[in-house]
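Only heavy atoms go into these numbers, but all of them, side chains included; no hydrogens, no water, no symmetry mates. All ligand and atom numbering here is 1-based and tracks the order in the structure.
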Amino acid sequence: MQCSRCANGGIVEIKMKIAGEDVMFRQCGRCEAKTWLSIDGPLSLTRVLEMARVAR
Ligand SMILES: [Zn+2]
């Protein structure tokens, strides 16, 4: 797994559940590029925040 921005191999992956859905958060240890992924594909940060709001 490499960062798409700086090609660094040190990507941190965190799995969590938001609103009952499995979501994966990836962050590059070098340039701090952040990516959210669901089972269906990439998520925008806006979408993640919406999901978190609905979950409350
Ligand atoms: Zn990077």
Donor-acceptor contacts, no H, no angles, side chain residues 18-29, under 3.5 Å, sequence neighbours left out:
residue	atom	partner	partner atom	Å
D22	OD1	K17	NZ	3.3
R26	NE	E13	OE2	2.7
R26	NH2	E13	OE2	3.3

Sphere of radius 2.8 Å around the Zn ion (ligand 1) - protein N, O or S atoms inside: C3 SG, C6 SG, C28 SG, C31 SG
Linked, directly or transitively: M16 and M51 (ILVMFWY side chains, under 4.5 Å): yes
Under the salt bridge (charged side-chain N to carboxylate O under 4.0 Å, His left out) test, residues paired with R30 that sit two or more places apart: none
Smallest separation among heavy atoms of L43 and L37, with atom names: CD1-C, 4.1 Å
Rounded distance (nearest 0.5 Å) linking atom CD of E50 with atom CG of L45: 10.5 Å
Results of side chain to side chain contact (heavy atoms under 4.5 Å, CB included) for S4 - residues two or more places apart only: none
